[in-house]
Each structure stands twice: as structure tokens, then as C-alpha cells.
Amino acid sequence: LDCSVCAVGQYSAAGSTACTVACPSGFSAGAVNTCAACSPGTVSNGGSGCTACAVGRYDDGLGVCQACEAGKYNPSTNVPDECANCPVGKYSAAAAAECLSCAPGSYAETAGLSICTDCDAGRIATDFGRSTACLVNCAAGQYAAAGSYECTVCVAGSYSTVPQSAECTKCAAGTASSTTGETSAAA
């Protein structure tokens, strides 16, 4: 009986009785009875070739396309090694092809974040992609909850006496105010 040539995508070591061993992870079938390493940024497709890692993924060097971690991204295919950190003012979920700008009312001061930080209560930011803490204080007579992008005027029957308020104070029992944006308790 003659020795037969292994099918494409399979390999056998010298002295083997069958062609059942596929090329190992990270390799593809090359010439007859050989396995060739996939080029960086590609992995074995389980057959006779190599496939590029998709955007949002990278070649881990062990023949597996891994998803980028949250806070990192990869906009290209065929990327070996690792994904890049999202820059300041941006964030990403896992397996991202791109980073998203922080929404108004939030910011990202450091690179590689998976979420943006909300503005402190009483402070706002109106811009997208903010890379520094929110520094605009709401005036007396206004307030803002954490993560706000605009100050809200205190409704009638309430007031705030100081800037950077997280909420307005209701007028005490026996007092009233029909004016919005009050900056002091009714006398």
C-alpha cells in the first residue's frame, strides 16, 4: 500500500498512519505535509489559510483573535499585539473599533477609560469629549444633579443660597415664594 498525500488543511508527522491532525492554532496548511505560521495580525481559520482579526480585536500571538478590553480600541484588521487606549475625553466598551466622545455632563481625564466620569452635582459641562473636570458652577438660585449639562432654575416655592447647589431647598412651612430662581429663604 502506498502512502497517500494528506488533504489540504491537515498534517501528519513522519510515520503517521492517518492524516487526522489539523495544523495547530496560529498555523495554516502550507505545502504538502507542512504547516506555516500565520502572519502577525492573522489567525488560522481552521482550514488551509489564515484570516485577519476583525476590527475591535487583535492577534494575541497564540493564534486567537481577542476582543479589545473596555477602554481600548482597534480600528483596523490585521493588528498584532494589542489594542490602543482611548484618548482623554473618550471611552469604549469591549471589542470597540472606535472610541466614543464623553457626553455633555461628563469627562475622561485619563486615557483608556471604559466609562466617563459624571460632573459633580452643582457643576456642568456642555461640550462633548471633555478631558478635564467640569468647572462651571451653577449660580445661586439654580442647581444641577451629578452628570448634568445645564443648570436648572429653582422652581417657585424653593431656593438655593449658594452657587454649585445639588438641589434647591423648599420654603419652610409658613413661608412661600411665587418667584423662580430665588436665592434666599423667604423673610
May I have the step-by-step check of side-chain contact (heavy atoms from CB on, under 4.5 Å) for Ser101 and Lys90, ending in yes or no? CA-CA 4 Å; Ser101 292; Lys90 297 189 175 208; 3.7 Å; yes

Pairs touching residues 149-177 that satisfy salt bridge (charged side-chain N to carboxylate O under 4.0 Å, His left out), sequence neighbours left out: none

For the student: nearest non-hydrogen atoms of Val43 and Cys65, plus distance: CG2-SG, 3.6 Å

I need the minimum non-hydrogen distance between Gly141 and Ser160, along with the two atoms involved. N-OG, 2.7 Å

So which atom in Thr161 and which in Ser184 form the shortest heavy-atom distance, rounded to 0.1 Å? CG2-CA, 4.0 Å

Check: Val55 and Thr77 side chains under 4.5 Å, non-hydrogen atoms: yes

Tell me, with the steps shown, if Cys116 and Tyr91 meet side-chain contact (heavy atoms from CB on, under 4.5 Å). CA-CA 7 Å; Cys116 297; Tyr91 71 99; 3.3 Å; yes

Glu98 atom CD: more than 12 heavy-atom contacts under 6.0 Å: no

Taking Cys102 as the fixed residue, which of Cys99, Ser106, Pro104 is the one that meets the side-chain contact (heavy atoms from CB on, under 4.5 Å) rule? Ser106

Correct closest heavy-atom pair for Cys171 and Ser158 would be SG-N, 3.9 Å

Starting at CG of Leu100, measure out to SG of Cys86 and round the result to the nearest 0.5 Å. 8.0 Å

Tell me, please, which residues at least two apart from Ser39 pass side chain to side chain donor-acceptor pair (under 3.5 Å). Thr42

CG of Leu135 to SG of Cys119, rounded to nearest 0.5 Å, is 9.0 Å

Scanning both residues in full, the closest heavy-atom pair of Ala67 with Arg57 reads N-NH1, 3.4 Å

Given side-chain contact (heavy atoms from CB on, under 4.5 Å), test Tyr58 with Cys53 step by step and report yes or no. CA-CA 6 Å; Tyr58 70 98; Cys53 292; 5.9 Å; no

Pairwise salt bridge (charged side-chain N to carboxylate O under 4.0 Å, His left out) hits with a residue in residues 123-142, at least two apart: Asp127-Arg130

Apart from Tyr73 itself, residues in the same hydrophobic cluster as defined by side-chain heavy atoms under 4.5 Å: none

Asn74 side chain to Cys83 backbone, donor-acceptor under 3.5 Å: no

Show me the pairs that pass salt bridge (charged side-chain N to carboxylate O under 4.0 Å, His left out) and involve residues 59-79, at least two apart or across chains. Lys72-Glu82

Residue that, paired with Gln142, satisfies side-chain contact (heavy atoms from CB on, under 4.5 Å) out of Asn137, Thr183, Val153: Val153

Does a side-chain heavy-atom distance below 4.5 Å link Tyr107 with Cys134? yes

When clusters are formed from ILVMFWY side-chain contacts under 4.5 Å, directly or step by step, what else is grouped with Val136? Ile124

Is any side-chain heavy atom of Tyr143 closer than 4.5 Å to a side-chain heavy atom of Cys168? yes

Shortest non-hydrogen separation from Ala172 to Thr175 and the atoms involved: O-OG1, 2.6 Å

